[in-house]
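Residues: numbered from 1 along the sequence shown.
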Amino acid sequence: MASNYKNTNLYTLNKSYLLEAYFNETYFDIQNNYSNIFVKATLSATNISFNATNGGTLRIYWHDNRENYDRLVAEALISSCGMNYGSRSVEGSLTVYHNSDGNLSGYAYATFTKNKTISYIPPTGGISTDWTNLTYIPRQANVTKFDNFNDEENPTIYFNNPGGFKINARLEFSGTSINRKNISNTGSYKFELTEEERNLIRSKTPNSNTMSIRATIATCIGQDEENYWSYFDRSVNIVNSNPVFPTDPIKYYDDDQNIVAITENNQLIVQNNSKLVVKCKKAESLKFSTIKKYDVVFNGQVQSFDNPELFEKIVIDKVNLTEDTKIIINAIDSRGNSTTIEKNITVLEWDLPKVNLSFSRVNSFENITNLKVDVDIMDVNNKNAIVSIICKYKKSSDINFVSQVSLDNNTVKAINLDNLYTWDLKFEISDKFGKKIINGVVPTGKPIMFFDIKKLSVGINGFPSNENSIDTELINGMPVLSYEVIEQFEEE
C-alpha cells in the first residue's frame, strides 16, 4: 500500500527546525471503494529550542484528486520544541473514497504557523509529500475473450472479476438480448441456450446468415444496479438452414394424350412430340427465412420463378432432345441459401422418316410412270410404324391436287401421267408421330428419236417441228442424240 515522506528546514538565528510530513495507506475496501490514510506532521530541532506559551500551531492536511482541496486532519498548539524539549507532532487518520474508476492519488501537507514574534520560534512554513497513487481498487469485471459462434452452439464468454463483484452476462443483438443474472465468478460462462433463445437469434436475421452480436459482462457494485460494462463484438452465424424439399418432390408426365396413346406410358417423352409437364412440391424454408425464388434448368435453359407462389408446374412443349436429360430445380431462400434437386426425364429419340425415292416415265417418254419410295423410321421403343405412303399428283398447270395413290414401302408403283404434260408430285410419308412431305416434278415425255410420218421428218430428242427434215435439240450448242430424264423433287 502507498506511503510517502518529505521534510524541510525552517531557519531562525542561523539554526533550523525540521518540519516533516508523512502519510501511509493502512487499508483499502474493494466493495466500498475507499482507503484509510494515516497522516503525521512532526517538528523537531537538535541545536535550538523554544519555550513559549502558544508559540505556534502544527497542522497536518490531506489533499487528493477527488476532493481537490486541503483537508485538515489534525492540529495542535506548540509551546515548546527543540533540543531541550524534544519533538512535537500531530497525527490522524481519515477515510478517502476513490474515484469511480478505482484510482486515487494525493499527498499529505504539514504546516507550522508562528504565533509569537520570539526569535527562537521557527518561522511559518510547510512541506508536502509527493503526489502518490494509492492502491488501485478494481471496480469492474472485463471481458477477455469471446469467439464467433453459430446458432446451434452454446457460446462461452471469458472474463476477469478482480473485485469479486456481482456480475451479469448477456448477448445483445438487433435491439434485444439474452440475459443471465448473477453468474458465478469463475472466469468464464457458457450460455446454455434454450430453443426459444436460439429462435430469437434466428428471427432477427431472416435475410442474412451472419449477424453482429455483443457479449457483455455487467458489474454490479452494491446491489442489483449495473455500474460498469465490458463487451466484445462478434458474429453469430446461422447454419444448416438451407431449404428442404419433401421426399420425392418431382413428378413429370407427357400431357399430349395422342402421344401417350402411342407410347402407352406418360413417363416416356418423345422427341419433338411430347408436351412435358413437370410438377414439384414446394421447398420448406428453415430458421425464420423465407423462400424467395425457384430456378428451373432444363436442356440448357433457365426458367426463374421470382414469385414462389407462382411455382406450380413447368410446361415444355415439343421437347427437342435425343436422350435422357435431367431437370434441375433450385430453391433459394431469403438468406441466399439454396438447395438443388434433380430428376431424370426419359426421352425417346424420334425424327421424321428418312426417305429415298425415285420416279420416272418409262423410256423417259411414255405415260406410264414408275414410283418407288424407300422409307426408314425410328423405332421409338418399338412403338413406331409406317402409317401411310401417299403420292398426290396433278398437272403443273392445275392449282390443287385431286388425285393420289398409296404406295408400299420399297415397292414400285406404276401410274399413268399423260406425257404431253409436266406433272407435280407430292409424296406424304407418315409414321405414328409425324409426316414428311417431298415434292417432285415429272417432265413431259421426250423420245430419243421420233418419226413423224405426216411431216416426213425425224426428231432427235424430241418431236420434229419442220417438214421433210431432221430436227435435233442442242445442248451447249451441240446436237444431242440421247438423254436421260433426271427426277426433280424437294422436301417440305
Side-chain angles (χ1 to χ4, degrees), residues 1-3 23-37 62-69 71 93-106 131-151 153-194 196-201 204-205 210-237:
M1 288 184 283
S3 64
F23 86 87
N24 178 41
E25 182 184 16
T26 61
Y27 173 78
F28 64 89
D29 187 307
I30 294 176
Q31 182 68 31
N32 297 299
N33 196 30
Y34 71 81
S35 293
N36 288 336
I37 304 295
W62 172 256
H63 187 112
D64 60 52
N65 63 353
R66 183 174 184 271
E67 300 296 337
N68 204 27
Y69 73 94
R71 282 183 283 174
S93 295
L94 74 159
T95 296
V96 292
Y97 287 90
H98 289 224
N99 294 309
S100 60
D101 61 2
N103 292 301
L104 186 69
S105 62
W131 271 101
T132 303
N133 291 324
L134 302 187
T135 301
Y136 167 69
I137 299 178
R139 301 315 297 151
Q140 70 178 67
N142 292 291
V143 178
T144 58
K145 180 182 178 183
F146 185 74
D147 295 328
N148 296 335
F149 68 101
N150 67 55
D151 65 305
E153 294 177 326
N154 292 315
T156 297
I157 186 169
Y158 296 87
F159 58 88
N160 58 36
N161 185 16
F165 298 110
K166 176 181 178 181
I167 52 176
N168 301 327
R170 62 176 164 267
L171 301 174
E172 301 172 334
F173 52 93
S174 192
T176 188
S177 62
I178 295 171
N179 297 282
R180 299 291 188 267
K181 296 288 188 178
N182 195 22
I183 65 173
S184 299
N185 186 26
T186 57
S188 66
Y189 178 78
K190 178 183 283 190
F191 286 87
E192 298 287 351
L193 299 176
T194 66
E196 182 181 1
E197 290 170 334
R198 296 184 196 280
N199 286 335
L200 178 61
I201 292 173
K204 294 299 183 178
T205 177
T210 302
M211 179 175 64
S212 178
I213 194 163
R214 173 171 289 182
T216 299
I217 291 292
T219 305
C220 301
I221 300 175
Q223 298 300 317
D224 295 328
E225 182 180 356
E226 295 179 354
N227 307 98
Y228 301 96
W229 300 267
S230 176
Y231 58 84
F232 275 12
D233 287 332
R234 292 292 184 264
S235 296
V236 57
N237 300 310

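Side-chain contact between Tyr189 and Ile217 is absent, with no heavy atoms from C-beta onward closer than 4.5 Å. Proximity of Ile178 to Ile201: side-chain heavy atoms (C-beta onward) are separated by under 4.5 Å at one or more points. A heavy-atom distance below 4.5 Å is found between the side chains of Leu193 and Pro155. Contact check for Arg139 versus Ser100: no side-chain heavy atoms found under the 4.5 Å cut-off. Residues Asp224 and Lys166 form a side-chain contact, since some pair of their non-hydrogen atoms from C-beta on lies under 4.5 Å apart. Side-chain contact between Val236 and Phe173 is absent, with no heavy-atom pair separated by less than 4.5 Å. Residues Phe23 and Leu94 fail the side-chain proximity criterion, which asks for heavy atoms closer than 4.5 Å. For the pair Tyr97 and Glu67, the minimum side-chain heavy-atom distance is 4.5 Å or more.
The structure places CZ of Arg180 at 6.5 Å from CZ of Phe191, a figure rounded to the nearest 0.5 Å. Within the model, atoms OG1 of Thr95 and CH2 of Trp62 stand 12.0 Å from one another, a figure rounded to the nearest 0.5 Å. The distance from atom CZ of Phe232 to atom CD1 of Ile157, rounded to the nearest 0.5 Å, is 8.5 Å. Tyr69 OH to Asp64 CG: the interatomic distance, rounded to the nearest 0.5 Å, is 8.5 Å. To the nearest 0.5 Å, the span separating CD1 on Ile167 from OG on Ser230 amounts to 10.5 Å. Note that OG of Ser105 and NE2 of His98 are 10.0 Å apart. Values are rounded to the nearest 0.5 Å.
A side chain to side chain contact (heavy atoms under 4.5 Å, CB included) with Ile137 is found for one member of Asn33, Leu104, Asn103, Asn32 and no other, namely Asn33.
No side-chain donor-acceptor contact under 3.5 Å links Thr26 and Asn36. With no hydrogens or angles considered, a side-chain donor-acceptor pair links Asn154 and Arg198 at under 3.5 Å. In the model, Gln140 has a side-chain atom that pairs as donor or acceptor with a side-chain atom of Asn142 under 3.5 Å. When only modelled atom types and interatomic distance are considered, Asn99 and Asp101 share no side-chain donor-acceptor pair under 3.5 Å.
Partners of Asn148 under the side chain to side chain donor-acceptor pair (under 3.5 Å) rule, at least two apart in sequence or in another chain, do not exist in this structure. Contacts of Asn133 classified as side chain to side chain donor-acceptor pair (under 3.5 Å), with partners at least two apart in sequence or in another chain: none. Residues meeting the ring-ring contact (aromatic ring centres under 6.0 Å, His included) test with Phe28, sequence neighbours left out: none.
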### Task
Take Thr219 and Asn227 through the side-chain hydrogen bond (donor to acceptor under 3.5 Å, both in side chains) test and state the conclusion after the steps.
CA-CA 6 Å; Thr219 305; Asn227 307 98; over 6 Å; no
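Below 30°, between 30° and 60°, or above 60°: for Tyr34 and Tyr27 the angle between ring planes is between 30° and 60°, a tilted geometry.
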